[in-house]
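Notes follow the structure.
Reminder, nothing fancy here: chain letters follow the sequence lines and each chain counts from 1.
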Amino acid sequence: MSWFSRLLLLMAMAVLAGCGKPEFSDAEKKTIASLALNTLPPLKADTTNRFADVPAAAALGSTLFFDTGMSGDGMVSCSTCHKIDRQFQDDLPQAVGVGRTNRRTMPLAGVAHDPWFFWDGRRDSLWAQALTPLENPLEHAGNRAAFAHYIKARFGERYERIFGPLPDLSTVPANASPLGTDAEKAAWSAMSDQQTEDVNRVFANIGKAIAAFERSIAPPQTRFDRFAIDLATGAKPKDDDAFSPEEILGLKLFVGKANCVTCHTGPRFTDNSFHNTGVPPVKGLPPDRGRIDAVRQVEADPFNCFGAFRDGDASACGELRFMVKAGPELIRAYKTPSLRGAASRAPYMHAGQFASLDEVVAHYSRAPASVEGVSELHPLQLSDRERAALVAFLKTLAD
Amino acid sequence: MASLWRYVLAGLGLAALLAGILSVVYLTTRHAPQLAGTDISRSKTTAHGLFVASFEPEKGAIRQGELQSWLLTLKTVAGTPVQGAAISVSGGMPQHNHGLPTSPQATDYLGDGRYRIEGLKFTMSGLWQLHFAISAAAGSDTVVFNVLL
């Protein structure tokens with residue numbers, strides 16, 4: 001062997017030895033451990049919904065979730081868009097129910113841990129959220145009087161075993177709602193206070209049953225979680241649980257230089273808050289200003305935590321009570337989505353703006369200015385290799 | 001003899017190479033922002049010296065991601081409890097140019113200069129700043145607390 005080839009051999013050995021050195025600093029290890037699924041706290045009781053953990057309520061909720069009878073045209077159920085075998089979403093840039101909506105269907109794993117619902121957080125409980133698509137003309141296109149009649153006719157007995165006696169609906173119009181068509185609105189205003197209160201109560205209970213079901217939708221363990229546990233315990237990762245150098249680089253960027261973990265934090269990879277990240281609007285869709293417009297909507301919602309249909313006391317209403325109501329940072333701010341499973345459910349963002357994770361990461365690398373309001377992002381100037389590494393890491397959260 | 005020199009040379013070259021690799025790694029790894037010097041004391045004299053303000057989380061520790069309340073105690077520099085103060089709270093994360101995720105409020109006066117501040121929430125780890133604007137009989141003043149999570 002010539003001296004030169006010996007030198008090459010020595011160099012190769014030195015580089016290899018370098019790779020065998022600890023891959024993560026103690027601070028990185030701590031952050032990585034905080035992202036693992038085993039740190040997800042048990043679901044807190046929802047005192048605003050006293051049926052939240054009643055199995056019969058969850059069972060009825062599950063029936064309703066998949067029932068196309070729960071729609072104006074008999075064709076749409078929650079599961080039309082929230083598909084059980086697709087992480088409870090539909091792979092479309094904008095959801096399609098009775099009509100085409102302006103936003104992307106959100107996946108539902110772990111959703112019951114959230115304080116706010118929808119991309120803009122315009123509802124403050126899972127049960128109040130469930131009522132919204134039911135009356136949206138583009139989604140279920142139903143009305144609450146019709147839903148009350150339907151529940152009585154179809155699920156009367158099951159309903160009464162959980163919620164107690166149904167009200168007398170014999171004089172309630174077939175179709176009526178304070179939202180809805182002009183005819184429905186007129187029918188609603190002609191109803192007595194007792195009647196509207198009765199219908200609203202049945203409607204709220206529909207939401208409470210569906211919410212009880214949704215509480216059972218939990219995020220599954222992923223390869224990342226197994227890797228994180230091994231890293232924390234010092235165990236040697238089994239077979240394909242070990243991360244490739246590219247995945248390790250991606251994880252290091254995620255918790256380090258790329259700053260992803262500032263917003264995508266904790267075991268669900270979300271801070272449950274709202275941020276303007278400069279995602280561009282979709283041409284042809286109506287103006288969408290995100291959180292800033294949602295504040296008034298959640299305040300005006302009769303089913304919000306301050307409303308008459310909350311169970312328990314108002315001490316559960318802290319999020320609504322101390323909500324940020326104004327400020328430039330709410331303009332085009334959207335809820336930080338969980339990144340669990342994201343790699344296998346393109347497209348991305350609140351209106352499906354990006355078709356692939358490559359496009360998402362390219363967006364973060366460039367950090368363009370927001371069309372309105374100010375993006376919180378700063379350009380990262382990631383190299384091709386770094387962008388590919390981030391994508392490789394995100395994939396470990398989906399297998 | 002000549003071959004020994006080759007090995008020495010190779011060793012030196014290798015050492016230089018390693019040092020090079022290490023320094024590149026060192027220079028490209030971003031280090032945690034230097035927060036060591038940050039004043040995180042929980043008791044401070046307000047900006048114009050009117051009050052001494054101190055806080056403690058009502059439930060002991062500061063937890064990330066949970067709504068929580070603090071007790072803010074206001075005294076004059078001479079040590080008398082400050083009563084009837086109007087307090088407003090603002091703040092944010094200076095390194096991420098965003099404000100607080102909630103709007104905390106002083107909701108209760110508990111006597112002895114102690115005020116309950118409700119609705120605080122720290123959604124991410126890092127440095128947070130909380131500004132309290134205090135106005136009482138003695139005048140108006142402000143204080144900023146740093147919170148490191």
Checklist line | Option in A:His378, A:Glu329, A:Arg321, A:Lys325 with maximal non-hydrogen atom pairs under 4.5 Å from chain B | finding: A:Arg321
Checklist line | Any donor-acceptor pair under 3.5 Å from B:Thr102 side chain to A:Met323 backbone | finding: no
Next item on the list: Please look at B:Leu120 and chain A and tell me whether the side chain, the backbone, both or neither of the residue comes under 4.5 angstrom of a heavy atom of that chain.
Entry: neither
Next item on the list: Please say whether more than 12 non-hydrogen atoms of neighbouring residues, nucleotides or ligands are located less than 6.0 Å from NZ in B:Lys44.
Entry: yes
Note to self: Please find the pair of heavy atoms, one from B:Thr123 and one from A:Ser273, that lie closest to each other, and give the distance.
What the structure shows: CG2-CB, 4.2 Å
Item checked: 4.5 Å side-chain heavy-atom contact, B:Ser125 and A:Lys30 -> no
Next item on the list: Give, for atom CG of A:Asp271 and atom NZ of B:Lys121, the distance between the pair rounded to the nearest 0.5 Å.
Entry: 8.5 Å
Checklist line | Under 4.5 Å from any heavy atom of chain B - which part of A:Pro328 | finding: neither
Note to self: Heavy-atom cut-off 4.5 Å, strictly under: side chain, backbone, both or neither for A:Thr262 against chain B?
What the structure shows: both
Item checked: side-chain contact (heavy atoms from CB on, under 4.5 Å) evaluation trace for A:Phe322 with B:Thr107 -> CA-CA 11 Å; A:Phe322 300 108; B:Thr107 53; 4.1 Å; yes
Note to self: Please output the residues of residues 60-72 of chain B in contact with chain A, using a heavy-atom cutoff of under 4.5 Å, in numerical order.
What the structure shows: B:Gln64, B:Leu67
